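Values in this document were obtained by computation on a predicted structure and should not be read as measured data.
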Amino acid sequence: MTDARSILVTGASSGIGRDAALTLKARGWRVFATARKPEDLAVLAEAGLEALYLDYTDEASIHACADAVLATTGGRLDALFNNGAYGQVGAIEDLTTDVLRRQFETNVLGWHTLTRRIVPVMRTQGHGRIVQCSSILGFVAGKYRGAYVSSKFALEGLTDCLRLELAGSGIKVALIEPGPIATRFTQNALANFHATVDVDASLHREEYQSQLARMQGTRRPSRFKLGPEAVTAALLHALESPRPRLRYRVTVLTKAAALMKRLLPARLMDGLIARNS
């Protein structure tokens, strides 16, 4: 195990993180997988992963997790996959500053703390891979997604700067931008929305109710939605290819959105988004 390539995968309790962790383990990687809930950590450990507690909103837990990994590996780490995040839904005028702050603490600031802890390790060993899981909403906006969109836009800018600053260090940095992926992300976002937004008091309540009815009703699965293994395939290339891409756009919708944003005037793009959100 000491000779195996090592990776720290955050947000591994389900979905993208769990699929990535299990696939990497099957490929011979030494996988440190994080989660917040004790029951999720137990499941990860039962699957043969080295499970560690990490909460991006708790800086002490980030440092404790990194310290535990490095103590086990002799101070080395080959790769970091920042993945754990959540989606805050709601019109910007309905979100308190505290709600927005929590979104950034989880989706940006916690990632930054962990990445800063790992970069010196990779500099010392002369190599490493840092892969950030962003989103289609990291480069295209959408109604009622302001908190999540702004956190992912910030992540993309931070990651681009990091990549430029690490050029020549042996550390390669990549972004993965998934579109619709079959995970618990939407269910978790809905639960968080109900806990943080007063629908009845909102000027947007009719639109909220309409969207909630669509989301909670019986809908045919989207033909564009892929399983988490599609993201894992991009991650594997980012980790194992000698020339990883700077960005991996996963799903047809993500690739189409990137093309349209490059080619269409902003007002036309706004119209398309408004009609399809």
The criterion is side-chain hydrogen bond (donor to acceptor under 3.5 Å, both in side chains); which residues satisfy it with [X], sequence neighbours excluded?
X	result
R163	D160
S14	none
T232	D19

For this session: Mark yes or no for whether D78, through its side chain, and I7, through its backbone, hold a donor-acceptor pair below 3.5 Å.
Result: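 Answer holds: no.
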Exercise. Looking only at atom types and distance, does a side-chain atom of K152 sit under 3.5 Å from a main-chain N or O of C133, one as donor and one as acceptor?
Worked result: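 Yes; at least one donor-acceptor contact below 3.5 Å.
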Exercise. So which pairs with a foot in residues 114-123 pass side chain to side chain donor-acceptor pair (under 3.5 Å), sequence neighbours left out?
Worked result: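 Checked against side chain to side chain donor-acceptor pair (under 3.5 Å) - neighbours excluded - the pairs reaching residues 114-123 are D67-R117, N82-T115.
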Problem set entry | Residue pairs fulfilling side chain to side chain donor-acceptor pair (under 3.5 Å) with at least one residue in residues 255-271, sequence neighbours excluded |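 Listed once each, the pairs would be none.
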Just list the side-chain donor-acceptor pairs under 3.5 Å for residues 41-49, sequence neighbours left out, or say none.
none

Suppose we screen for side-chain contact (heavy atoms from CB on, under 4.5 Å). Which residues come up paired with [X], at least two apart in sequence or across chains?
X	answer
A91	E93, D94, Y144, H204, Y208
L137	S135, R145, Y148, V149
A147	Q88, L95, L100, Q103
E59	H63, T113

Problem set entry | Sequence neighbours excluded - salt bridge (Lys or Arg N to Asp or Glu O under 4.0 Å) pairs with any residue from residues 193-204 |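 Not a single pair qualifies under salt bridge (Lys or Arg N to Asp or Glu O under 4.0 Å).
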Exercise. What pairs of residues pass the salt bridge (Lys or Arg N to Asp or Glu O under 4.0 Å) test when at least one of them lies in residues 175-193, not counting sequence neighbours?
Worked result: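 Qualifying pairs: E177-R247, E177-R249.
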Exercise. Once you round to the nearest 0.5 Å, how far does OG1 of T10 lie from CZ of R36?
Worked result: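 One finds 11.5 Å between OG1 of T10 and CZ of R36.
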Exercise. Which distance, rounded to the nearest 0.5 Å, do you find between the CG of L80 and the CD1 of I118?
Worked result: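 With rounding to 0.5 Å, CG (L80) is 6.0 Å from CD1 (I118).
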Exercise. How close do V131 and A238 get, heavy atom to heavy atom, and via which atoms?
Worked result: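 Closest approach of V131 to A238: CG2-CB, 3.9 Å.
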Exercise. With a cut-off of 6.0 Å (strictly less than), are more than 12 heavy atoms of other residues, nucleotides or ligands near CD of E206?
Worked result: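 Not buried by this count: 12 neighbours or fewer within 6.0 Å.
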